[in-house]
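What follows is a single structure, written as structure tokens, with notes after it.
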Amino acid sequence: MNSGIVMQAQGLTRYFGSRKVVDQLTMDVPRGSVFAFLGRNGSGKTTTIRMLLGLTEPTRGSSTVLGHDSRHLPPEVIARIGYMSESHSMYEWMTVRQCGAYQARFYPRWNAKVFDSIVGHFHLDLRAKAADLSRGERAGLSLAMTLAPEPELLILDDPAIGLDPVARRSLLESMIYITRDSDRTIFFSSHLLDDVERVADHIAILDRSVLRVLCPVDILRSSVRQFMLHYAGAAAPPTSLPPLRGLLRVRRSPSDLWLTVAAPDDATQRELRLLGAATIEEVPVGLNDAVIGYLGDRGEHGFFLDGMPALAAAGGAA
Amino acid sequence: MSDNALPDTPGIGMLRAIVWKELRERLKVTFVCLVIVVAGQFISLGFQHMMSLAGVETGGSLFPFTFFTLTSALSGLLIGRAQIVHENRGDRWGFLALRPVRRSTLFLGKAVAGILLYSVATGVPLAFVTAWMAAPGHRPLPWDPSMALPGVADMLCGLVYYFAAMLVGMREAKWYGSRFLPLGAAIACSGVILYVSHFWQALAVVAIGVAVVGMAAAATVIGGGRYEPLSRPGRMALGLTVMPGLTLAGTLVIGIISLTVFSRMPARDGFRSTGYAIAGDGSIVQRVQVQHFFPASLQVVAVNDLQGHAIERYQDSVARTKLTAGVISTPSVSLHPEVPSTLESFESGYRGTHDLFVQLSSLPPASSEVSWYFVRRVGLIAAYENRSARLLGWMGPDGFRLGDSLPSRRFEGPLRPTSEFAYIQPVLAFPSAVYRVDLHQRGIRRVFTPSIGEIVLGAVTSGDSTAAMSAYGPRANFDVIATTRNVYVQAADGTGGFSAARDSDTVVYGTVTVSRALLALGTPTFFWYAASDRPFINGEQGTAAGHVTEFGEGNRIVAQVPIPRDTVPTATDKLSARDVFTASTISVTWRAALQAYLRLSGRRTVSPRNWQRSEVVNWIVSTIASLVAAALAILLARLFAFERDRRLLWTALGFVLGPLGVLLMLSLIDWPVRETCPGCARKRVVTRARCEHCDAPFLPPALDGTEIFEPAML
């Protein structure tokens with residue numbers, strides 16, 4: 001295995017019944033990266049993570065984590081992995097202190113200071129039962145239990161889901177704090193694109209169980225473009241668009257079309273010119289919009305308002 | 001970051017942590033189980049107490065353990081289930097399994113804690129009840145430490161339920177499909193430990209059950225619930241665990257279908273059988289009966305002579321109902337007391353008290369305030385007061401004595417079994433004497449002493465159990481004593497009577513029954529020798545042929561009549577769905593091997609069930625069923641692209657196990673989805689990297705032009 005790769009998937013596929021939830025996913029996760037794994041609900045993110053961790057058997061394909069086959073991860077490898085699930089699983093009847101003590105029994109490199117500092121950061125009472133904690137507090141405790149073993153690879157499955165802004169911010173700060181060690185890899189799935197933008201340096205996007213994006217964040221940012229096509233006078237945007245290579249999203253107003261396009265090239269420029277607009281202007285696109293282009297349906301009906309010209313016009317103008 | 005080796009002995013610390021967590025986590029369900037078990041014991045003991053007070057004969061049964069069989073099994077199920085279902089799926093499974101400890105250690109920790117909790121939930125009540133029963137004054141019957149063994153066996157058997165529940169909870173299978181099937185193994189274990197005679201046999205069965213079901217549970221937990229990741233021993237253990245469940249479920253389904261769909265035919269036509277009887281006029285006749293089950297009835301439809309010709313006077317149905325009027329018969333006397341009868345086998349063994357003591361009763365019952373037991377170990381009869389459960393005293397050959405002290409003289413030799421209706425009349429036979437016990441007056445007297453060199457085999461009395469007997473006078477009340485040389489018939493007071501030597505014609509038989517036709521001319525007496533149900537006395541059971549010796553006036557032999565075999569219902573001659581379900585080469589091979597063994601060992605191989613289908617038909621049915629099952633297995637293996645070895649294995653199992661083998665295959669395997677191959681347009685399984693027909697790989701997902709890939713990351 002390449003020592004610069006911590007996780008590797010090769011043709012990873014999983015069916016639930018006759019439904020294919022992950023379709024031949026192939027990817028490498030570089031060591032030391034903060035890797036955002038994105039996709040809509042049901043796109044296969046959690047299943048992929050669970051296959052990588054050996055918790056779910058793939059229907060086909062294979063994967064390795066830290067150089068070991070995911071299906072047979074030995075304990076010494078698991079000791080180097082921190083995993084935090086979206087439900088922040090823990091034993092409800094344990095107190096915060098017992099949770100820490102219990103986890104510490106399994107991890108040879110348990111760092112009590114890290115545990116205490118994160119617990120303190122989230123203002124958790126050590127005597128409080130896990131069942132009595134708020135969602136944000138549970139996230140904090142879960143993070144403390146995940147980080148205290150000082151994992152080499154941290155896998156977070158939508159850790160901030162359902163958290164209030166303060167708890168979310170705390171979680172993010174904790175993640176940033178641990179990335180100070182450049183050798184540590186964080187692989188996380190999230191729906192919170194601001195967080196992704198702040199911390200991630202690599203990104204993968206699953207679109208209905210198929211991997212569409214796998215690259216450094218900068219490349220994604222520079223590869224996705226938005227074009228504003230302005231129609232002057234009596235001319236109006238065409239009611240239906242011809243097939244455009246790489247088209248992610250379309251918004252329209254009575255006189256304008258906004259097209260978000262992935263990896264446009266000269267051919268794309270020619271196709272755009274054929275649409276008969278008076279002017280074609282490239283407008284800056286943020287990572288959020290780039291990612292949202294992938295998460296919505298392709299074309300004009302990716303989002304609810306896209307199909308409503310008047311409202312979409314207001315949105316587009318904004 | 002370098003690989004950090006775990007500390008030298010991490011396993012023990014981790015195991016302790018897991019055990020501690022499991023113990024703490026499952027306290028509630030353990031408490032619920034404890035309550036269930038204690039409630040069961042209270043109900044059992046309450047019933048026992050009420051029955052004792054009412055003077056109901058309990059035979060000294062181990063009634064307190066009746067509910068324990070159920071409650072211990074239920075406790076095993078509840079604790080096993082609770083330990084798995086909260087952590088077997090999704091994020092909770094991830095939280096449990098994704099920690100630096102082997103899954104085998106996780107399972108071990110759970111199992112250690114579960115067994116500890118189960119032991120508390122069932123062992124504490126068991127120990128309490130055992131101690132309570134052992135303490136004098138609590139139960140009006142003798143006590144022996146071996147009486148606790150059924151409870152111990154049940155408690156240990158609960159561990160099979162415990163592992164079965166873990167397996168059911170963990171296994172990825174449909175609830176309406178094969179998920180419940182592992183419980184069949186536990187139920188089978190319970191059934192076998194109820195059936196076997198010796199405690200060590202029960203222990204062996206439980207040990208095998210725990211080993212097999214435990215291994216299946218461990219493999220399934222380690223494998224995450226699916227069949228495919230299991231190790232080979234794990235797959236074998238799972239197969240062995242599922243098979244009894246499949247058999248039970250299949251038999252149950254076929255039984256229900258038979259009852260609901262096919263019961264109308266025998267209900268309409270009834271089951272016809274023939275037997276032989278002594279008629280009221282002293283003749284021996286063939287009786288043809290029809291048995292209906294819906295509603296239940298047994299009707300004599302014809303009475304024939306021994307050649308099968310209808311007897312004119314019994315054409316009338318009223319005459320047939322009075323066929324045996326005036327015939328007084330004793331229960332049968334065993335001529336081979338060393339061979340236990342079916343009922344004795346059932347009552348003896350570690351689950352019964354038959355080997356320890358025998359409850360004596362009389363008709364009409366003696367005082368309901370006292371229970372009487374012949375205690376084999378001391379060779380005396382003990383009397384217990386039901387209300388106080390105190391020992392009243394002991395009865396020996398010299399009479400009854402109040403108090404705890406044992407009489408000096410005791411009954412000599414083992415108490416003879418008399419018949420399946422033993423001790424309705426309290427005649428007690430020992431090798432060297434026969435006694436009549438009067439439980440009403442607490443008295444005893446010797447009524448028979450064999451001559452030198454003669455040994456008593458058994459004794460019965462015609463008794464006074466029917467009101468009709470009193471109408472026929474003293475000749476209706478007689479005792480029969482069988483010895484190694486003679487059969488004696490004497491009056492109830494030990495006087496009069498006659499004897500007949502057991503000649504070479506009669507020694508092959510297992511029992512003798514004595515009848516008197518009191519309304520017939522000369523009031524003849526009949527000695528009816530039969531094979532009885534004692535197996536391997538002469539290689540026959542149940543409905544075997546017999547021999548009747550008739551004594552007329554002056555007790556002279558007037559006839560020697562061989563009795564043909566009875567016939568029993570013939571409905572089973574038809575091939576049933578159950579026969580097909582269980583048809584397999586293994587079953588027919590087993591039967592053939594058994595017959596060969598009996599033949600080689602010199603035993604007669606006459607089928608005890610002469611109405612059963614012939615072995616040829618069995619072979620044909622089994623071979624066809626096995627071939628069809630093997631063909632089905634081959635078909636499934638081809639459809640789902642099994643590897644060669646696997647295909648051969650399942651084909652062989654289909655052939656050996658028959659339909660059960662195919663059902664086992666369907667129950668165990670994670671059947672993959674099949675989809676159309678774009679290369680050859682045939683269905684292919686999705687689990688293989690390449691099409692099994694044309695070797696085409698799976699096409700990568702279609703590109704839509706939006707892909708952005710950094711080549712170095714692919």
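Residue numbers begin at 1 in each chain, while the letters A, B, ... track the order of the sequences.
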Sorted by number, residues from residues 45-53 of chain A in contact with chain B (heavy atoms, under 4.5 Å):
Arg50(A), Leu53(A)
Please walk me through it: do Lys28(B) and Trp93(A) pass side-chain contact (heavy atoms from CB on, under 4.5 Å)?
CA-CA 12 Å; Lys28(B) 277 184 191 170; Trp93(A) 54 270; over 6 Å; no
I'd like to know whether Val224(A) forms a side-chain contact (heavy atoms from CB on, under 4.5 Å) with Ile708(B), so could you lay out the CA-CA distance, the side-chain angles of the two residues, the decisive distance to 0.1 Å, and finally the verdict.
CA-CA 9 Å; Val224(A) 177; Ile708(B) 302 173; 3.8 Å; yes
Highest number of heavy-atom pairs under 4.5 Å with chain A: which of Ile18(B), Leu703(B), Leu96(B)?
Ile18(B)
Find the one option among Ala702(B), Gly705(B), Pro701(B) whose heavy-atom pairs under 4.5 Å with chain A are most numerous.
Pro701(B)
Given heavy-atom pairs under 4.5 angstrom as the criterion, report whether the side chain, backbone, both or neither of [X] touches chain A.
| X | result |
| --- | --- |
| Arg99(B) | both |
| Arg688(B) | backbone |
| Leu699(B) | backbone |
| Glu228(B) | neither |

Does [X] reach the side chain of [Y], with side-chain heavy atoms less than 4.5 Å apart?
| X | Y | value |
| --- | --- | --- |
| Glu86(A) | Asp91(B) | yes |
| Leu214(A) | Glu710(B) | no |
| Met14(B) | Tyr107(A) | no |
| Pro229(B) | Arg71(A) | no |
| His86(B) | Tyr91(A) | no |
| Ile78(A) | Pro100(B) | yes |

Using the side-chain contact (heavy atoms from CB on, under 4.5 Å) rule, take Arg212(A) and Asp704(B) through it: C-alpha gap first, then chi angles, then the decisive distance, then the call.
CA-CA 9 Å; Arg212(A) 296 291 180 200; Asp704(B) 68 358; 3.8 Å; yes
Closest-packed option against chain B by number of heavy-atom pairs under 4.5 Å, given Glu57(A), Lys20(A), Arg245(A), Met84(A)
Glu57(A)
Out of Ala9(A), Gly246(A), Ser142(A), Pro243(A), return the one with the most heavy atom pairs under 4.5 angstrom to chain B.
Gly246(A)
Within this structure, what is the OG-CZ distance for the pair Ser87(A) and Arg92(B), rounded to the nearest 0.5 Å?
7.5 Å
Let me confirm one number: the OG-CZ distance from Ser18(A) to Arg674(B), rounded to the nearest 0.5 Å.
13.5 Å
Chain B heavy atoms under 4.5 Å from Val213(A): which part of the residue, side chain, backbone, both or neither?
both
Looking only at heavy atoms, which two atoms of [X] and [Y] are closest? And how far apart?
| X | Y | value |
| --- | --- | --- |
| Leu55(A) | Gly94(B) | CD1-CA, 3.5 Å |
| Arg102(B) | Pro75(A) | NH1-CD, 3.5 Å |
| Ala17(B) | Tyr102(A) | O-CE1, 3.3 Å |

Just wondering, are more than 12 heavy atoms of other shown residues or ligands nearer than 6.0 Å to [atom1] in [X]?
| X | atom1 | result |
| --- | --- | --- |
| Arg690(B) | CZ | yes |
| Arg16(B) | CZ | no |
| Phe31(B) | CZ | no |
| Arg682(B) | CZ | no |

Centre-to-centre under 6.0 Å for Tyr83(A) and Phe95(B), is that the case here?
no
If you apply the rule side-chain contact (heavy atoms from CB on, under 4.5 Å), what do you find for Phe709(B) with Leu211(A), and how did you get there?
CA-CA 9 Å; Phe709(B) 292 136; Leu211(A) 188 69; 4.1 Å; yes
Keeping Arg60(A) on the side-chain end and Val686(B) on the backbone end, is there a donor-acceptor pair under 3.5 Å?
yes
Okay, side chain of Tyr294(A), backbone of Thr706(B): is any donor-acceptor separation there less than 3.5 Å?
yes
